[in-house]
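Below is one structure, written out as structure tokens; comments come after it.
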Amino acid sequence: MIKKKTTKKSQPIAMGLGFNLPDVASAYIAGTFNDWNPTATPLQHDGNGSWKATVLLPPGRYEYRLVADGQWINAPGLHAVVENPFGSRNTVLTVPSP
């Protein structure tokens, strides 16, 4: 009898993301993890200029940008980035294996 080898699927990991965007009324994160949907993942405002979200992602490499007040922007701060085909940069997020 041949046994079928099964691979255990990696469990998603909660990744907390936060950005300082003091002059913004609405903010979202869009990337490879949500098909670049500009409104799929809203960020929550803390009232002090910071915006945060927690996304559940399996281990891997993801690219994203922020959408602030309807405009695509780079994530502020020091993050790994790659050029995209639109003349701007995507931020790179690497979710480690547990």
Side-chain angles (χ1 to χ4, degrees):
M1 175 175 207
I2 298 174
K3 282 189 172 183
K4 185 177 180 183
K5 186 177 181 179
T6 58
T7 44
K8 190 174 181 179
K9 200 172 189 182
S10 295
Q11 294 296 316
I13 296 171
M15 298 295 295
L17 302 170
F19 308 95
N20 186 27
L21 303 166
D23 300 320
V24 169
S26 68
Y28 299 84
I29 187 167
T32 54
F33 52 85
N34 65 8
D35 293 325
W36 294 100
N37 184 326
T39 59
T41 309
L43 297 168
Q44 300 301 313
H45 190 245
D46 73 354
N48 294 316
S50 291
W51 293 80
K52 298 176 183 175
T54 300
V55 291
L56 291 173
L57 299 171
R61 181 186 176 278
Y62 302 90
E63 294 182 22
Y64 70 88
R65 295 198 77 207
L66 301 180
V67 182
D69 293 338
Q71 301 296 313
W72 291 83
I73 65 169
N74 295 330
L78 301 174
H79 302 281
V81 295
V82 294
E83 298 292 323
N84 67 31
F86 304 104
S88 56
R89 294 183 178 109
N90 296 338
T91 303
V92 176
L93 172 66
T94 302
V95 179
S97 295

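Nothing fancy with the numbering, it's 1 onward along the sequence. These values consider heavy atoms only, across backbone and side chains, with no hydrogens, waters or symmetry-generated copies.
Side chain of Asn84 to main chain of Phe86: a donor-acceptor pair is present (N/O by atom type, distance under 3.5 Å, no hydrogens or angles). Side-chain atoms of Asp69 never come within 3.5 Å of backbone atoms of Val24 as a donor-acceptor pair (strictly under, hydrogens ignored). Asp35 contributes no side-chain N or O that, together with a main-chain N or O of Asn37, makes up a donor-acceptor pair within less than 3.5 Å. The main-chain N or O of Gly77 is never found under 3.5 Å from a side-chain atom of Asn20 such that the two would form a donor-acceptor pair.
A salt bridge does not link Glu63 to Arg65: none of the charged side-chain nitrogens sits closer than 4.0 Å to a carboxylate oxygen.
Within the 4.5 Å cutoff, the side chain of Pro59 has heavy atoms near those of the Ile13 side chain.
Trp72 and Ile29 fall into different hydrophobic clusters, where Ile, Leu, Val, Met, Phe, Trp and Tyr residues are linked whenever their side-chain heavy atoms come under 4.5 Å apart, directly or through other members.
The side chain to side chain contact (heavy atoms under 4.5 Å, CB included) with Leu66 is formed by just one residue from the set Asn74, Leu17, Leu21; it is Leu21. Exactly one of Leu43, Thr91, Ile73 qualifies for a side chain to side chain contact (heavy atoms under 4.5 Å, CB included) with Phe19. That residue is Leu43.
Using a 30° and 60° split on the angle between ring planes, Tyr62 and Phe33 fall in the perpendicular class, above 60°.
For Glu83, the CD atom sits in a packed shell: over 12 heavy atoms of surrounding residues, nucleotides or ligands are nearer than 6.0 Å.
The distance from atom OH of Tyr28 to atom CH2 of Trp51, rounded to the nearest 0.5 Å, is 8.5 Å.
Taking every heavy atom of both residues into account, Ala30 and Pro38 meet most closely at CB-CA, 4.0 Å.
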- Task: Verify side chain to side chain contact (heavy atoms under 4.5 Å, CB included) between Asn34 and Val55, making sure each step is shown before the conclusion.
- Result: CA-CA 10 Å; Asn34 65 8; Val55 291; over 6 Å; no
